[in-house]
Colleague: 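Here it is: the structure, laid out below.
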Amino acid sequence: MIKITLPDNSVREYSKGITGAEIASSISPRLAKEVLSVTVNGEIWDINRPIEEDSSVRLHKFEDNEGKHAFWHSSAHLMAEAIEQLFPGTKFGIGPAIENGFYYDVDPGETVTITELDLPLIEKRMKELAALSQPFLREPVSREEALRIFNEKGDSYKTELISELEDGTITLYRSGEFTDLCRGPHLPDSGSIKAIKVLSVAGAYWRGDEKRKMMTRIYGITFPKQKMLDEYLEMLEEAKKRDHRKLGRELELFTFSQKVGMGLPLWLPKGAELRQRLIDFMTAELKRRGYSMVSTPHIGNVDLYKTSGHYEKYGADSFQPLKTPQEGEEFMLKPMNCPHHCEIFNATPHSYKDLPVRMAEFGTVYRYEQHGELHGLTRVRSFTQDDAHHFCEPDQMKEEFKSIIDLVQWVFNSLNFNEYTAQISLRDPANKEKYIGNDENWDKAEKAIIEAASEKGLETVIVKGEAAFYGPKLDFMVRDAIGRKWQLGTIQVDYNLPERFDLHYIGRDNQKHQPVMLHRAIFGSLERFVAVLIESTAGKFPLWLAPEQVVILPISEKFHDYAKKVSNFLNNYDIRTLKDERNEKIGKKIRDNELKKIPYLLIIGEKEAEAGTVSVRRQGEGDRGVMELEEFARFIKDEITRETA
RNA sequence: GCCGAUGUAGCUCAGGGGUAGAGCACUUCCUUGGUAAGGAAGAGGUCAUGGGUUCAAUUCCCAUCAUCGGCUCCA
């Protein structure tokens with residue numbers, strides 16, 4: 001007998017060789033039906049793999065990530081089997097489960113291309129194969145044996161992978177006619193894969209290396225129930241409606257022009273106002289928090305970037321320097337603000353008593369992004385950072401970090417942004433020579449970040465090896481409507497620039513000392529932030545940010561005079577007001593202005609004109625009843641105060 | 001930059017070797033209306049751009065550009 005410890009710390013005795021599936025059925029028949037994978041002593045296993053010793057065990061259903069993982073991983077094998085049958089001779093790369101579904105990278109050979117038209121065929125074959133309920137059979141093999149099998153198949157990608165694996169750890173999984181190199185775990189059989197959608201096809205470099213072969217990546221998703229797939233597809237459709245590129249056009253916020261150039265956003269009046277309001281909001285808070293605003297030009301001498309080191313590292317992949325009539329004089333469009341800010345720091349002498357210096361700028365920068373990478377407002381070639389740099393003494397670093405985390409939390413809370421994650425990026429301890437700055441400083445900085453985050457109650461993920469070469473960092477990430485991850489705010493420690501720009505301050509000992517420099521952005525860039533804001537609000541901005549707050553809808557021409565009076569009245573309260581005086585019926589005006597997502601609609605007719613009132617309607621919520629003019633103005637002001645408090 | 005797809009009116013899209021069509025938006029007229037689409041008429045397009053095939057190309061072919069889905073990169 002062996003002892004099995006369950007997550008609730010209860011211990012049950014089973015005979016040696018018991019499987020996860022059998023444990024599940026000993027607990028409940030329902031669990032037995034739903035269990036997909038099992039964690040045994042921290043390792044995820046198939047549910048039909050015998051457990052030979054005392055273990056702690058966790059059973060996973062589809063609702064758990066571990067369960068989904070097995071489900072989708074098996075689905076990837078199913079898809080590969082379908083592809084192998086439909087496109088004989090296809091070579092296979094990797095086919096993992098991902099956050100939403102799975103993909104498989106395949107190479108169908110030089111003469112064959114798999115296009116969107118083939119996806120329904122693959123899907124159909126997958127459904128046929130799933131219906132066969134083929135078991136996924138685990139088979140440990142020697143490396144030699146594995147190489148022989150995949151050499152025979154001509155699967156060169158697989159043999160490349162195998163040759164990097166340690167002998168004795170290699171397993172194959174067989175399902176139907178398909179055999180794959182795979183660590184597992186898998187479902188017992190394909191029968192539980194009831195709902196299948198092959199989603200899309202894309203190119204992907206083998207092992208993510210652009211020098212290597214471009215493979216065909218096919219994405220799919222599956223569910224145990226058709227209803228779940230329907231809901232997922234519906235959710236995707238809904239998400240598309242929130243796409244900031246679509247809403248940006250519909251709400252007349254921004255546009256792009258081929259003539260101006262790709263990736264160069266043009267802010268339309270309503271978008272520009274929204275953007276400005278964010279700037280004003282942030283500026284007011286920065287002043288309260290001891291920042292000084294600075295302003296620097298859009299270009300800088302090439303020598304500036306040679307000093308900073310950016311020219312050497314990124315110069316070739318940047319917009320190329322501008323020349324002037326003067327021989328040998330070259331300027332670069334600024335790709336970041338920090339070198340300029342360093343020179344501002346250098347412009348005046350500093351005592352330790354002045355530190356920390358906090359220097360902020362809404363600085364527009366220009367980066368040459370590759371064509372294929374441009375994406376709406378989230379990836380552009382010209383954008384405005386809410387950039388700032390803190391210059392402080394080493395001992396002040398942690399406090400500065402905390403103050404910045406506090407600011408991020410304050411801003412995100414003010415905007416009802418709850419769905420963000422924070423990632424701390426540290427050095428790769430195995431590759432310390434990749435980084436500049438000494439060990440002691442790095443240790444100090446990494447410790448300061450971790451402690452600051454924990455003291456601010458910020459939940460973080462720590463990733464080793466993701467730090468910049470010049471220092472560790474803390475990034476704030478959010479997801480867009482389709483679930484893609486974007487970085488917004490960032491806090492980075494920099495040991496490079498203070499050194500290169502020879503920044504210093506006079507310490508208590510009357511000696512020169514080098515300050516620590518922190519880079520930070522809260523919005524990240526206004527462009528990306530607005531994009532994320534559009535998608536998270538579906539274009540229904542909070543009242544204080546809405547380009548138009550109130551629209552007045554007179555029932556007929558007879559009430560245009562009263563509409564003007566209402567409009568003037570609200571304007572005196574700085575409430576952004578529009579009138580819809582088109583010759584249309586009130587139902588039509590309501591519909592059109594609801595679709596424009598203007599927060600408040602005021603309907604005025606005979607009753608209102610006589611009584612000096614307005615009939616209030618909240619976007620998306622309907623009739624709110626009649627209010628006195630002043631009452632309404634106060635009501636609006638209160639809402640704004642609540643939002644920005 | 002790479003793989004695949006797409007490009008027709010301001011927007012969403014249909015069409016197709018013989019110089020273009022719908023709905024919405026727009027303009028004018030009728031209607032002056034009470035909480036999500038009143039009616040009529042009209043205007044609007046070198047069918048992304050440049051080549052080629054053809055008696056004839058917006059349609060077929062090639063290239064370029066842009067957009068979309070990914071990959072790579074991201075100070």
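By convention in this document, chain letters (A, B, ...) are assigned in the order of the sequence lines, proteins followed by strands, and residues within each chain are numbered from 1.
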Colleague: Examine the side chains of Thr384(A) and Thr364(A) and answer whether a donor and an acceptor come within less than 3.5 Å of each other.
Modeller: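 Judged by distance alone, the side chains do pair up.
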Colleague: Do Gln320(A) and Met332(A) have side chains that get closer than 4.5 Å, going by heavy atoms?
Modeller: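 Gln320(A) does not reach Met332(A) side chain to side chain.
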Colleague: Pick one: which of Glu548(A), Glu639(A), Gln549(A) meets side-chain hydrogen bond (donor to acceptor under 3.5 Å, both in side chains) with Tyr600(A)?
Modeller: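 Exactly one option meets the side-chain hydrogen bond (donor to acceptor under 3.5 Å, both in side chains) with Tyr600(A), and it is Glu639(A).
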Colleague: Would you mind reading off the distance between Glu99(A) atom CD and G70(B) atom P, rounded to a whole angstrom?
Modeller: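 Glu99(A) atom CD is separated from G70(B) atom P by 13 Å.
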Colleague: Just to confirm, is there a sub-4.0 Å distance from OP1 or OP2 of U35(B) to any side-chain nitrogen or oxygen of Arg591(A)?
Modeller: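 For U35(B), neither OP1 nor OP2 has a side-chain N or O of Arg591(A) closer than 4.0 Å.
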Colleague: Just N and O in the side chain of Lys589(A): are any of them under 4.0 Å from OP1 or OP2 of G38(B)?
Modeller: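 Negative; the distance criterion is not met.
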Colleague: Which listed nucleotide (G34(B), C71(B), A66(B)) is nearest to the side chain of Lys607(A)?
Modeller: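 Looking only at heavy atoms from C-beta outward on Lys607(A), the closest nucleotide is G34(B).
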Colleague: Identify which nucleotide among G34(B), G33(B), G38(B) has an atom closest to any side-chain atom of Glu584(A), counting heavy atoms from C-beta outward.
Modeller: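 Selected nucleotide (nearest to the side chain): G38(B).
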Colleague: OP1 or OP2 of A75(B) less than 4.0 angstrom from a side-chain nitrogen or oxygen of Lys473(A), does that happen here?
Modeller: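 So the side-chain polar atoms of Lys473(A) never come under 4.0 Å of the phosphate oxygens OP1 or OP2 of A75(B).
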Colleague: When you check the gap from the basic side-chain N to the acidic O, do Lys270(A) and Glu273(A) get nearer than 4.0 Å?
Modeller: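 A salt bridge is absent here (no side-chain N lies under 4.0 Å from a carboxylate O).
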Colleague: What's the CG-C1' distance between Leu377(A) and C68(B), to the nearest Å?
Modeller: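 In whole Å, C68(B) C1' and Leu377(A) CG are 16 Å from each other.
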Colleague: Check the distance between A66(B)'s C1' and Leu264(A)'s CG and give it to me in whole angstrom.
Modeller: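 To the nearest whole Å, that distance equals 13 Å.
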Colleague: Say you pick atom P in U49(B) and the same atom in C65(B); how far apart are they, in whole Å?
Modeller: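 It comes out at 15 Å once rounded to the nearest Å.
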Colleague: Taking side-chain hydrogen bond (donor to acceptor under 3.5 Å, both in side chains) as the criterion, tell me which of Arg242(A), His244(A), Arg245(A) meets it with Glu535(A).
Modeller: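 In the set Arg242(A), His244(A), Arg245(A), the residue that makes a side-chain hydrogen bond (donor to acceptor under 3.5 Å, both in side chains) with Glu535(A) is His244(A).
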Colleague: At less than 4.0 Å, is any side-chain N or O atom of Tyr314(A) found next to OP1 or OP2 of A75(B)? Yes or no.
Modeller: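 Checking A75(B) against Tyr314(A), a side-chain N or O does come within under 4.0 Å of OP1 or OP2.
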Colleague: Please tell me which of the listed nucleotides, G33(B), G70(B), U35(B), lies nearest to the side chain of Arg617(A)?
Modeller: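 Looking only at side-chain atoms, Arg617(A) lies closest to U35(B).
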Colleague: Can you tell me if His375(A) touches the phosphate of G69(B), counting only side-chain N or O atoms and a distance under 4.0 Å to OP1 or OP2?
Modeller: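 Yes, within the criterion.
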Colleague: Measure from the side-chain heavy atoms of Glu116(A) and tell me the nearest of C71(B), A5(B), A36(B).
Modeller: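 Per side-chain heavy atoms of Glu116(A), the pick is A5(B).
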Colleague: Say we look at G21(B) and C30(B): how far apart would their C1' atoms be, to the nearest angstrom?
Modeller: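 Comparing C1' positions in G21(B) and C30(B) gives a spacing of 28 Å.
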Colleague: Separation of Ile114(A) atom CD1 from G70(B) atom P, in whole Å?
Modeller: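 These atoms are roughly 19 Å apart.
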Colleague: How far, in whole Å, is U58(B) from G15(B) if one measures between their C1' atoms?
Modeller: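 Taking atom C1' in both G15(B) and U58(B), they lie 11 Å apart.
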Colleague: For C68(B), does OP1 or OP2 lie under 4.0 Å from any side-chain N or O of Arg379(A)?
Modeller: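 No, Arg379(A) has no side-chain N/O under 4.0 Å of OP1/OP2 on C68(B).
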Colleague: Counting side-chain heavy atoms from CB outward, which of U32(B), A66(B), A36(B) is closest to Ile590(A)?
Modeller: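 That would be A36(B).
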Colleague: Starting from C1' on U67(B), measure out to CZ on Arg381(A) and report it in whole angstrom.
Modeller: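 Those two atoms, CZ and C1', are 14 Å apart.
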Colleague: For Glu369(A) and G70(B), give me the distance from atom CD to atom P, rounded to whole Å.
Modeller: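 So the CD-P distance, Glu369(A) to G70(B), works out to 17 Å.
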Colleague: Looking at Asn583(A) and G33(B), is any side-chain donor or acceptor paired with a base atom of the opposite kind under 3.5 Å?
Modeller: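 Indeed, a donor on one side and an acceptor on the other fall under 3.5 Å apart.
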Colleague: For U12(B) and Arg249(A) - does any side-chain N or O of the residue sit under 4.0 Å from the phosphate oxygens OP1/OP2?
Modeller: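 For U12(B), OP1 or OP2 has a side-chain N or O of Arg249(A) closer than 4.0 Å.
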Colleague: Rounded to whole angstrom units, what separation is found between the CD atom of Glu594(A) and the P atom of A37(B)?
Modeller: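 From Glu594(A) CD to A37(B) P: 11 Å.
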Colleague: Do Asp580(A) and Asn593(A) have side chains that approach each other closer than 4.5 Å (heavy atoms only, starting at C-beta)?
Modeller: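 Counting from C-beta outward, Asp580(A) and Asn593(A) do come under 4.5 Å.
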